[in-house]
Amino acid sequence: MSALAEALTLRDVRPSDLDAVAELEQISFPVPWKREFFASEVGQPHRFNRVVRGADGTLAGYVFCAFAGGEIHVNKIAVTPLYRRRGVAHLLMREVLAFSVRILAEEIYLEVRPSNYPARNFYTALGFRDVGRRSQYYADGEDALVMSLFLQERRPSS
Ligand SMILES: CC(C)(COP(=O)(O)OP(=O)(O)OC[C@H]1O[C@@H](n2cnc3c(N)ncnc32)[C@H](O)[C@@H]1OP(=O)(O)O)[C@@H](O)C(=O)NCCC(=O)NCCS
């Protein structure tokens, strides 16, 4: 484990995280979710919501997922600019992958802007594939690409 990963703490999102989550959201997305939207996700059933905090307690990143019927939907993932390109999103997705094993999920999917090269590159490096496109999905009119990771393909068959 890297020195950075050792200094980070990962845990479920709590209401006390929401101010920092909403702040990071504001600087990370062209059309950010409002704080109330994150608040309505915390503590709900069929959710997997994690934050990662640095040794000094500052928020390093978050992931918000919903799951049903063998599928996990990544609603949001973001990393604080100072922590980017240091493996934090990778750590968060590793958590999602470990969770997918626990619930025997078959697929993890998400929407991403075609213009979001860092995120698309990140997902492709993890093995996600483009599986579709949603026309004018975002509030500003940009389409979304749908990317999926098919978990059966990664598990040894018994
Ligand atoms: C996308 C995002 C979550 C990546 O977080 P991160 O912690 O910097 O990612 P990691 O350090 O774990 O990167 C893992 C791999 O993803 C790819 N990657 C990440 N950022 C990249 C960038 N800016 N350009 C190209 N590839 C990138 C690389 O393959 C990288 O591996 P490498 O550093 O060994 O080359 C982060 O840039 C972010 O918060 N962006 C704003 C919010 C956002 O767009 N979220 C996704 C919405 S769908």
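In each ligand, atom 1 is the first atom listed, and ligand 1 is the first ligand listed.
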F29 N/O under 3.5 Å from ligand 1 N/O: no
Heteroatom proximity flag, N116 to ligand 1, N/O under 3.5 Å: yes
Polar side chain donor-acceptor pair, Y62 to E25, under 3.5 angstrom: yes
Sub-3.5 Å N/O-N/O distance, S28 and ligand 1: no
Closest approach of N49 to R47 (non-hydrogen atoms, all atoms of both residues): ND2-CB, 3.7 Å
Shortest protein heavy-atom distance from atom 45 (N) of ligand 1, along with the residue and atom involved: I77 O, 2.8 Å
Backbone N/O of G54 and side chain of T58: donor-acceptor pair under 3.5 Å: no
Residue and atom name of the nearest protein heavy atom (relative to atom 37 (O) of ligand 1), distance in Å to one decimal: R84 CD, 3.6 Å
N/O donor-acceptor pair under 3.5 Å between D143 side chain and Q136 backbone: yes
Part of R113 within contact of ligand 1 (heavy atoms, under 4.0 Å): neither
Plane angle bin for W33 and F64 - parallel if under 30°, tilted between 30 and 60°, otherwise perpendicular: perpendicular
N or O contact, A78 vs ligand 1, cut-off under 3.5 Å: no
Among A125, A89, A144, closest by any non-hydrogen atom to atom 2 (C) of ligand 1: A89
Short side-chain to backbone donor-acceptor contact, E142 and S115, under 3.5 Å: yes
Test item, M93 contacting ligand 1 (heavy atom, 4.0 angstrom): no
Stepwise side chain to side chain contact (heavy atoms under 4.5 Å, CB included) test for F128 and V112: CA-CA 11 Å; F128 281 77; V112 60; over 6 Å; no
Residue, atom name and distance, where the atom is the protein heavy atom closest to atom 1 (C) of ligand 1: A119 CA, 3.8 Å
Protein contact to atom 25 (C) of ligand 1 [nearest heavy atom, distance to 0.1 Å]: N121 ND2, 3.4 Å
Nearest non-hydrogen protein atom, atom 39 (O) of ligand 1: V79 N, 2.8 Å
Distance from atom 13 (O) of ligand 1 to nearest protein heavy atom, with residue and atom: F122 CD1, 4.0 Å
Top protein contact for atom 20 (N) of ligand 1, by heavy-atom distance: R85 CD, 3.4 Å
Ligand 1-proximal atoms of Y62, by part, heavy-atom distance under 4.0 Å: neither
K76 and ligand 1 - part of the residue with a heavy-atom distance under 4.0 Å: neither
R86 side chain near V79 side chain, heavy-atom distance below 4.5 Å: no
Part of L110 within contact of ligand 1 (heavy atoms, under 4.0 Å): neither
Close N or O approach (H90, ligand 1; < 3.5 Å): yes
Donor-acceptor contact present, side-chain N121 to main-chain P118, <3.5 Å: no
Ring geometry between H73 and Y109 (parallel below 30°, tilted from 30 to 60°, perpendicular above 60°): parallel
Separation of S40 OG from K34 NZ (nearest 0.5 Å): 12.0 Å
Which residue and heavy atom of the protein sit nearest atom 23 (N) of ligand 1, plus the separation: P118 CB, 3.3 Å
Rounded distance (nearest 0.5 Å) linking atom CG of N116 with atom CZ of F29: 7.5 Å
